[in-house]
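I have placed the structure first, in the form of structure tokens, so that the comments after it can refer back to it.
In the text below, chain A, chain B and the rest are named by the order of the sequence lines, each starting its count at 1. The structure displayed is predicted, hence computed values, not measured ones.
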Number of protein chains: 2
Amino acid sequence: MRVRLEDVARAANVSPKTVSRVLNDEANVTDATRQRVRAAMEAMDYRPHPSARSLAGNRSFLVAMLYDNNDNPSSTYLAEIQDGVLEACDAHRYSMMVRPLRMRDGDFIRRLDALISDHHPDGVVLTPPITDYAPLLKRLRERNVPYASVSPLRRGKTLGVTMDEQRAARAIVEHLLGLGHRRIAHVVGIADHGASRWRLAGYREAMAAAGLSEDPALVVQGAFTFGSGVEAARQLFSLAERPTAVFAANDDMATGVMWAAGEYGLKVPHDLSVCGFDDTPLSRQLWPALTTVQQPSREMGKIAAEQLLSALRGHGTGRLVQIPFSLQIRGSTATVP
Amino acid sequence: MRVRLEDVARAANVSPKTVSRVLNDEANVTDATRQRVRAAMEAMDYRPHPSARSLAGNRSFLVAMLYDNNDNPSSTYLAEIQDGVLEACDAHRYSMMVRPLRMRDGDFIRRLDALISDHHPDGVVLTPPITDYAPLLKRLRERNVPYASVSPLRRGKTLGVTMDEQRAARAIVEHLLGLGHRRIAHVVGIADHGASRWRLAGYREAMAAAGLSEDPALVVQGAFTFGSGVEAARQLFSLAERPTAVFAANDDMATGVMWAAGEYGLKVPHDLSVCGFDDTPLSRQLWPALTTVQQPSREMGKIAAEQLLSALRGHGTGRLVQIPFSLQIRGSTATVP
DNA sequence: ACGCAAATTGACAGCGCTGTCATTCCTGCC
DNA sequence: GGCAGGAATGACAGCGCTGTCAATTTGCGT
């Protein structure tokens, strides 16, 4: 039969309430007692019953991860974040549930309400691009559900994690400038994603700092997909004056650019330098391997969840952590032809 | 305040137990009563408290989806299955949790035990490649946890869903044969995955049926990744007598083959026909678009979960559903040069 | 109309834990 | 040494639901 808290209490010769206190790391238990109880738990391999805890304590020990699988910034990215969030939840003995929620659907808020009413998550983790969807944030606040975000657009007092994407984008464009490139194109991501804005801003900043005025023909709209990268590149390669380097706002599009380069008989990096953003596994598998910005998605998911949890447990309050990026200079970029 | 079952009971003028019966679709409630209770639930927007149900009823309304994120058959694939499983769980008002579990790790079983003891899932959904890991299945049976599998290797009395991958592979190779190809190469997936075996078997079957004896040089090992496709293709293209068509065991590797074709100056499909398997989003974005086999992963996840749930609820017992495949003939295959 | 079995409904305890508040045990200090 | 005041511990009810079993109603044959 199942070992219950009461059994542990009897074994440790204390009241059930004291075992509960130890279980929940509450104050006012002497070290000696705490040790004794811990030992008993250990010895009996005690596992608290989550439903009982949740029913009695009016908390669910549940974190929900929300994502938009429609405007999907690549399933690899989400899968990595999910792994990170899960790792953090596990470590704190919370459980996690995932929740696709389509921002464009009319019943977004209704579904959110259903999630909250049905499962009572203690908190939620928001992933791009729904980190800044105002009606969502409003409802979460109204219903008093704490949240943490991965790469939120607005950096107010939100909890979560960010990377300085603009500075990273600037750095990678400066890398291209350093190789002598001047006609550097940029393939932009989906318009209203923060990622697209920051990366574009970083591109512009670097170009301006180098004293280059922006050529609108060199800034092409993409949609974060391989296919959109191919199309953007075809557009660029048809230009009278072709770029010598392309900075795509993510690796998938950069891969598309490299693909299109093949179609046009352009050798990368000899005739064309290409770089991306994200450092997806794909980027290392290409040949030549892609110069890109490493974005540690898994780590970011983990940190966001940790900030949320630390806010939930009242240990400190959680904050917006900024994590460093690193440039991955690989074979796809070289000096200007 | 929260609406409880008791409140509904009062509104419908019945006992709480009767409301409970309606909630759980139990027998022995007159239609009139059932209607009345349903109406009251609806009117009050009643949401049963999962923890209370679970505590009193000794079931968790929880399905765990297990996957191996180490030997990962592409995150897109898993993400789609996950979406399907989630959809089915939602429809039946079950909740779902995801659980990465590394088959190669020594503490696989320990982690599985922890999952079961900590969360008491009512059932689990197994995804490749851990659908046939014997110690796992053994432990699940020992601990009396029902499971359903997506594409299990062994088709005994397992619940779940499969596709006739061998026949699909055979069909796609026959498509190539029909185009006049005779030197058809195959890039194999990770050795012990069922998917690799079936697709290889289908390839062999088709070749044999066409009266072609196997040329070992045309069967190259890959690992389901883009990069492994590139390498396999390079190997094939260096052959004295090159293949005129390549069937890769999945789309990622097929994309790698197309990439390598570019390196070798081979135009697809004019100089080389390429086809894959899975019909990932990528396959439609390529140019030319990839001829492949449509594998409806999302649907498969959904069906597997439905079989599990129907077994759990005793409505029928659940079975191993075989779903049809369909060939997606697109631009990457053409008549032999 | 009456009796009986089957169908329907309800009363009540209790799932395993935590919140509240009462009780006991310390400490330090006059 | 005695006492105030805080720290540690415990008693007990109850979170919202379902299992068990008893009570009531219904349908049906005579």
Report the residues that fulfil side chain to side chain contact (heavy atoms under 4.5 Å, CB included) with A:Ala114, sequence neighbours left out, ordered by chain and then residue number.
A:Asp118, B:Arg47
Under a plain distance cut-off of 3.5 Å, with no hydrogens placed, do B:Ser54 and B:Ser51 share a side-chain donor-acceptor pair?
no
If you compare all heavy atoms of A:Leu5 against all heavy atoms of A:Pro16, which two are closest, and at what distance to 0.1 Å?
CD2-O, 3.3 Å
To the nearest 10 degrees, what angle separates the axes at the start and end of the helix from C:dA1-D:dT30 to C:dC30-D:dG1, five pairs each?
40°
Is it the case that the side chain of A:Asp83 and the backbone of A:Arg298 share a donor-acceptor pair, with hydrogens and angles ignored and the cut-off at 3.5 Å?
no
Nearest-angstrom distance from the residue atom CG of A:Asp7 to P of C:dG16:
9 Å
Out of D:dC17, C:dT18, D:dG10, whichever nucleotide has its closest atom nearest the side chain of A:Arg21
D:dG10
Given atom CG of B:Leu5 and atom P of D:dG19, what is their separation to the nearest angstrom?
12 Å
Salt bridge B:Asp90-A:Arg111, side-chain N to carboxylate O under 4.0 Å:
no
Got a sec, which residues hit ring pair (Phe, Tyr, Trp, His ring centres under 6.0 Å) with A:Tyr94, two or more places apart in sequence or on another chain?
A:Phe61
Are B:Asp68 and B:Pro100 side-chain neighbours, meaning at least one heavy-atom pair lies under 4.5 Å?
no
Mind checking side chain to side chain contact (heavy atoms under 4.5 Å, CB included) for B:Ala91 and listing every partner two or more places apart, or none if nothing turns up?
none
Are the side chain of B:Ser60 and the backbone of B:Asp122 linked by a donor-acceptor contact shorter than 3.5 Å?
yes
Pairs involving residues 6-20 of chain A, ordered by first then second residue, that meet salt bridge (Lys or Arg N to Asp or Glu O under 4.0 Å) (sequence neighbours left out)
A:Arg4-A:Glu6, A:Arg4-A:Asp7, A:Glu6-A:Arg10, A:Asp7-A:Arg10
Less than 4.0 Å between a side-chain N and a carboxylate O, is that true for B:Arg110 and A:Asp45?
no
Would you list the protein and nucleotides 22-24 of chain D atom pairs, both N or O, that sit under 3.5 Å from each other?
none

Pairs touching residues 128-139 of chain B that satisfy salt bridge (Lys or Arg N to Asp or Glu O under 4.0 Å), sequence neighbours left out
B:Asp113-B:Arg139, B:Lys138-B:Glu142, B:Arg139-B:Glu142
Nucleotide C:dG14, atom C1' - distance to CG of B:Asn58 in whole Å:
12 Å
For DNA chain D, find the residues of residues 10-19 of chain A with a heavy-atom distance under 4.0 Å and give them by number; none if there aren't any.
A:Val14, A:Ser15, A:Lys17, A:Thr18
Ring pair (Phe, Tyr, Trp, His ring centres under 6.0 Å): which pairs involve residues 22-49 of chain B, sequence neighbours left out?
A:His120-B:His49
B:Glu306: side chain to side chain contact (heavy atoms under 4.5 Å, CB included) partners, not counting sequence neighbours:
B:Ala88, B:His92, B:Lys302, B:Ile303
Between atom CZ in A:Arg4 and atom P in C:dG14, what is the gap in whole Å?
12 Å
Within the pair B:Tyr46 and D:dC17, is there a side-chain N or O less than 4.0 Å away from OP1 or OP2?
yes
Does B:Arg36 pair with B:Asp31 as a salt bridge, N-O distance under 4.0 Å?
no
Take atom CZ of B:Phe61 and atom P of D:dC17, then tell me their distance rounded to the nearest Å.
11 Å
Give, ordered by number, those residues of residues 26-44 of chain B having at least one heavy-atom distance below 4.0 Å to an atom of DNA chain C; if nothing qualifies, reply none.
B:Asn28, B:Val29, B:Thr30, B:Thr33
Please work out which residues in residues 47-55 of chain A have a non-hydrogen atom less than 4.0 Å from an atom of DNA chain D and list them by number.
A:Leu55
Looking only at heavy atoms, which two atoms of A:Leu159 and A:Gln307 are closest? And how far apart?
CD1-O, 3.9 Å
